[in-house]
Q: 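Below is a structure I'd like to ask you about.
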Amino acid sequence: MKIFKSKHKLQKEILNIKNISFVPTMGGLHKGHISLIKKSKNFNGKTLVSIFVNPKQFNKKQDFLKYPRNLTKDLILLKRLKVDYIYLPSLKDIFSFKVKNKIYLDKFSKKLCGKSRKGHFKGVLNIVNRFLDLIKPKHIILGVKDFQQSYLITKHILKRNINTKVINCKTVREKNGVACSTRNKNLSKNQFRIASKTIRYLKNNKRSIRKKLSNFNSANIKRNLKNFGVTKIDYIKLFNSKTLTRPRSNRENFKIFIAFYLNKTRLIDNI
Ligand code: PAF
């Protein structure tokens, strides 16, 4: 496993490697990341993992400061997984060069998390665009827990004709149903229990919405989630996961998208 802190050294190393699968992360690695890395290793090329907590995608300074970090533990895990390359840029290293492609921000960026986290997706695309420019990976491996992020990165790649294929991996969950997330590390035991109740409740709800679309009553759901102990619900919405429009019939393939707070910790999921 080779670790790079400088883009020039990294680029020199990977210059002639055509089959790189890239897993971008902000560290605080968990089972979800492990599944992305395993997927990447199936491609039989080289796997490159980046760890960088990108300040530009946080709309609140406190959230950036409180984002869980544990580089030592992450590196031990990555070594065990036999990852080929790790890129650990500094802010200067990653933001101090001119990128070829302009960011393309699809209009879906204005919905869901885009409404409540101003500038978030622009920050995500800024950094991902830079990584793609430097690494030129054959694949970029993303998790669909961050469905909107993955969709917007895909749109950017297509619009800018970037020669990288997006590989989407399904959400990995803890035994209690909560999606694996670095932010879970900030939850107390009780908050983790409330998160589990929330997800289980939504799964049951999905079953009843599948029977009849009008069974979806967001006000009712919000009230019940608050009773479980959820602090705040940013949004709870149904979308057809292909067309990204509101489903008109229960035969459509829809998902429930949610962002909610447990005290100051914001979690997202799609079910
Ligand atoms: O999903 C994440 O961890 C981040 O948004 C990403 C893709 C690494 C960009 O900073």
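If you read the sequence from its start, that first residue is 1, and numbering goes on from there.
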Q: If I compare all heavy atoms of Phe97 with all of Leu134, which pair ends up nearest, and what's the gap?
A: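 So the minimum-distance heavy-atom pair works out to CZ-CG, 3.6 Å.
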Q: How about Lys185: does its NZ atom have over 12 heavy atoms from other parts shown lying under 6.0 Å from it?
A: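 Correct, the count exceeds 12.
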Q: Cationic tip of Arg183 within the cone over Tyr67's six-membered ring, i.e. under 6.0 Å and within 45° of the normal?
A: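 Checked: cation-pi criterion not met.
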Q: Can Asp133 and Lys100 be counted as an ion pair, charged N to O under 4.0 angstrom?
A: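 Not counted as a salt bridge, because no side-chain N and carboxylate O are separated by less than 4.0 Å.
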Q: Does the side chain of Asn270 come under 3.5 Å of the side chain of Lys255 through a donor N or O and an acceptor N or O?
A: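 Yes, a side-chain donor-acceptor pair sits under 3.5 Å.
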Q: When you measure from the centre of the six-membered ring of Phe64, is the NZ or CZ of Arg69 under 6.0 Å away and within 45° of the axis?
A: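 Arg69 over Phe64 ring: yes.
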Q: Under 3.5 Å, is there a donor-acceptor pair between the Arg223 and Asn227 side chains?
A: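 Per modelled atom types, Arg223 and Asn227 side chains form no pair under 3.5 Å.
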Q: Which heavy atom of Lys145 sits nearest a heavy atom of Cys180, and at what distance?
A: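 Nearest pair, atom of Lys145 first, then Cys180: CD-O, 3.7 Å.
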Q: Return yes when atom NZ of Lys206 has more than 12 non-hydrogen atoms of other residues, nucleotides or ligands closer than 6.0 Å, and no otherwise.
A: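 Counting other residues, nucleotides and ligands, NZ of Lys206 exceeds 12 neighbours.
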Q: So is Lys237 actually on top of Phe257's ring, under 6.0 Å and inside 45° of the axis?
A: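 Judged by the rule, Lys237 and Phe257 form no cation-pi pair.
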Q: Indicate yes or no: does Arg117 engage Asp63 in a salt bridge with an N to O separation below 4.0 Å.
A: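 Salt bridge flag = yes for Asp63 with Arg117.
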Q: side-chain hydrogen bond (donor to acceptor under 3.5 Å, both in side chains) between Asn204 and Arg200: does it pass, once the steps are laid out?
A: CA-CA 6 Å; Asn204 284 336; Arg200 289 198 170 133; over 6 Å; no
Q: Might you point out which heavy atoms bring Met26 and Val53 nearest each other, and give the distance in Å?
A: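 It is O-CG2, 3.4 Å.
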Q: Could you tell me whether Lys242 and Glu252 make a salt bridge, using a distance below 4.0 angstrom between a side-chain N and a carboxylate O?
A: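 No.
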Q: Just checking, Lys226 and Phe260: is the charged tip under 6.0 Å from the six-membered ring centre and within 45° of the axis?
A: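 No, Lys226 does not lie over the aromatic ring of Phe260.
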Q: On the six-membered ring of Phe239, is Arg246 placed so that its NZ or CZ lies under 6.0 angstrom from the centre and within 45° of the ring axis?
A: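 Arg246 over Phe239 ring: yes.
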Q: Show, in sequence, the C-alpha distance, side-chain angles and deciding distance for Ser21 and Thr47, and conclude whether the side-chain hydrogen bond (donor to acceptor under 3.5 Å, both in side chains) test is met.
A: CA-CA 5 Å; Ser21 295; Thr47 294; 5.6 Å; no
Q: Taking NZ, NE, NH1 and NH2 as the nitrogens, is one of them in Asp269 or Lys203 under 4.0 Å from a carboxylate oxygen of the other?
A: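 Salt bridge absent between Asp269 and Lys203.
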Q: Please report the shortest heavy-atom distance between His30 and Thr182, naming the atom on each side.
A: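 The answer is CD2-N, 3.3 Å.
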Q: Show your reasoning for whether side-chain hydrogen bond (donor to acceptor under 3.5 Å, both in side chains) applies to Tyr87 and Asp93.
A: CA-CA 11 Å; Tyr87 180 34; Asp93 196 63; 2.6 Å; yes
Q: Between Asn168 and Ser150, is the side-chain hydrogen bond (donor to acceptor under 3.5 Å, both in side chains) condition met? List the steps.
A: CA-CA 7 Å; Asn168 285 304; Ser150 184; 2.4 Å; yes
Q: For atom NZ of Lys115, decide whether the heavy atoms of other residues, nucleotides or ligands shown that lie under 6.0 angstrom number more than 12.
A: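 No.
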Q: Before accepting this row, confirm whether a basic side-chain N of the pair Arg266/Asp234 lies closer than 4.0 Å to the acidic partner's carboxylate O.
A: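 Yes.
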Q: Look at the aromatic rings of Phe43 and His139 and report parallel, tilted or perpendicular, splitting at 30° and 60°.
A: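 Parallel.
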